[in-house]
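Here's the structure, in structure tokens; my notes come after.
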There are 2 protein chains.
Amino acid sequence: MSAAGLKSWQAVQGEVRRRIDARVWKPGDMIPNEADLSVEFGCARATVNRALRELAQSGLLERRRKAGTRVTMHPVRKATLDIPVIRHEIEGRQQAYSHMVLTSERLKPPGDIRARMQIGPEDELLRLVSVHLADARPHVFEDRWINPRTAPNIEQVDFSALSANEWLVLNIPFERGDISFSATTAGAREAGILACREGEGLFVIERTTWRNGESITVVRQTFAPGYRMHTTL
Amino acid sequence: MSAAGLKSWQAVQGEVRRRIDARVWKPGDMIPNEADLSVEFGCARATVNRALRELAQSGLLERRRKAGTRVTMHPVRKATLDIPVIRHEIEGRQQAYSHMVLTSERLKPPGDIRARMQIGPEDELLRLVSVHLADARPHVFEDRWINPRTAPNIEQVDFSALSANEWLVLNIPFERGDISFSATTAGAREAGILACREGEGLFVIERTTWRNGESITVVRQTFAPGYRMHTTL
DNA sequence: CAGATTTTTATGTATAGACTTATAAAGAAT
DNA sequence: ATTCTTTATAAGTCTATACATAAAAATCTG
């Protein structure tokens, strides 16, 4: 039962995982404090701390000062998704990347975009509608709004060379953003651009990014049928 | 430019982020080693290490022994999604949760399921088709295969009381899994069960989980229209 | 000069000890 | 009984030091 000589934080973490898994420590239970565990395992408290900190971060343990550490009652699994630049994703599959700007105009945005980007009623944004192609076949339909106040040189950029996404990543790095994943039904426009049937289910990513408390861009990317995001748990 | 007296790892991390953001250290650049940084910031090397380790984990830096630390050329943003138990997700929105088992049978699975779960050609699985409801309205349509070899008592469980998901989380915790997100088009069956129009785009989560190198379950969850997963970057 | 070997070096990790901070719990005051 | 104050405690963190490990760079060798 007791395990002495667990000198690396990985070993300690493994043993703690094992005990939770084997219900030695049940969901909701308090576990011994760091000092006691470090004695039991024959290592320093810092080593135990490192092991437990990571488990708390992944949601398996809950820790509070003075209160101690307990096994999470209903652990929420966390999945980490890579959000790649579309060109890299396509090139990573050994396909040829290209993209096409369909429209590019400066105008006052509709209310929902104005609200999401928290801009004034008179502010104009750059709207960029484009499509990314993999081996010359449509892959993503992109509808983007860019705030010229946070991306000042945006009007002069030639987006036929570099996609808006990449230009922004390189020049206006964001510090905060939110992202959502959902599904939509292909309308006539999407079907035409993505070369699919009207009424087909399509995967959608929507993203808003911020810098210094000001919005940079809002983008909605609609993927061609069959697209999936994949990761491990 | 130089910043002395950054004594906490958060402060060090903030300063490093700032320098990367301000292009003091450009993508692809090597940054000073830990020892030098600890001198510059006036803190211990362990503090610098803690700050940089987290940045490397989030993909902003690349570190290799002896080679040193460099700013990632094309940082891949990582989004962390919570994968909640459906009941908790619904109850968290103050809605009433319930679920209904539509079919429950033991049979040999089709080839794709057999391949994904890596089981023998004669092995039988428990197939469970159910629907989760929020305020009595259909929310998720779930098609699940369970391996009785890894979940031995599964045949005796009363899934009208506890959903298969929750029973498994409580009794057969998995140690590894993979998950994918995609979109599908509602067929007649999905439309009937989820009370939506045929041809509507629906969000889909597919998951396979493992324990001791054996598969536990494969599940495909199709969400009612309008569902979205959301997180921050 | 290619290939094997040694050296050097930056990160990775462990440790004992001290101090900080949040906070649960006990005690005091109302 | 309720509210305020104190105290004890467990996690959170920083430090100096030491050693481990991977891998680049330098050196040796045939």
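In what follows, chains carry the letters A, B, and so on, assigned in the order in which the sequence lines appear, proteins first and then strands, with residues in each chain numbered from 1. Remember, predicted model here, so these are calculated numbers, not experimental data.
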**Request:** Establish, yes or no, whether the cationic atom of R77(B) lies under 6.0 Å from the six-membered ring centre of F174(A) and within 45° of the ring axis.
**Result:** yes

**Asked** What distance do R114(A) atom CZ and I119(A) atom CD1 have between them, rounded to the nearest 0.5 Å?
**Response** 7.5 Å

**Message:** Show, in sequence, the C-alpha distance, side-chain angles and deciding distance for H139(A) and Y227(A), and conclude whether the ring pair (Phe, Tyr, Trp, His ring centres under 6.0 Å) test is met.
**Reply:** CA-CA 9 Å; H139(A) 183 244; Y227(A) 182 81; 5.8 Å; yes

**Message:** Pairing donors with acceptors under 3.5 angstrom, does anything connect the side chains of R63(A) and T69(A)?
**Reply:** yes

**Request:** Select from S8(A) and I31(B) the residue whose nearest nucleotide in DNA chain C is closer to the 5' end of that strand.
**Result:** I31(B)

**Prompt:** So, R228(A) versus S180(B): side-chain donor-acceptor pair below 3.5 Å or not?
**Reply:** yes

**Complete:** Span of DNA chain D engaged by chain B, first through last nucleotide within the 4.0 Å heavy-atom cut-off, is dT13(D) to dA24(D)

**Request:** Output the distance between atom CD1 (I83(A)) and atom CD (E89(A)), rounded to the nearest 0.5 Å.
**Result:** 9.5 Å

**Contact residues, residues 65-77 of chain A to DNA chain D [heavy atom, < 4.0 Å]** = R65(A), K66(A), G68(A), T69(A)

**Prompt:** Does a side-chain N or O from Q10(A) land closer than 4.0 Å to OP1 or OP2 of dT13(C), or not?
**Reply:** yes

**Asked** Can you name the closest pair of heavy atoms from L37(B) and L52(B) and give their distance?
**Response** CD1-CD1, 4.1 Å

**Prompt:** E34(A) CD to dA16(C) P: how many Å, rounded?
**Reply:** 14 Å

**Asked** So, the side chain of D158(B) versus the backbone of S160(B): is there a donor-acceptor pair under 3.5 Å, distance only?
**Response** yes

**Item:** R149(A)/E214(A) ion pair, N-O < 4.0 Å
**Value:** yes

**Asked** Near DNA chain D, under 4.0 Å by heavy atom, which residues of residues 43-64 of chain A?
**Response** R45(A), N49(A), R63(A), R64(A)

**Message:** Less than 4.0 angstrom from a charged side-chain N to a carboxylate O is my criterion; do E34(A) and R53(A) meet it?
**Reply:** no

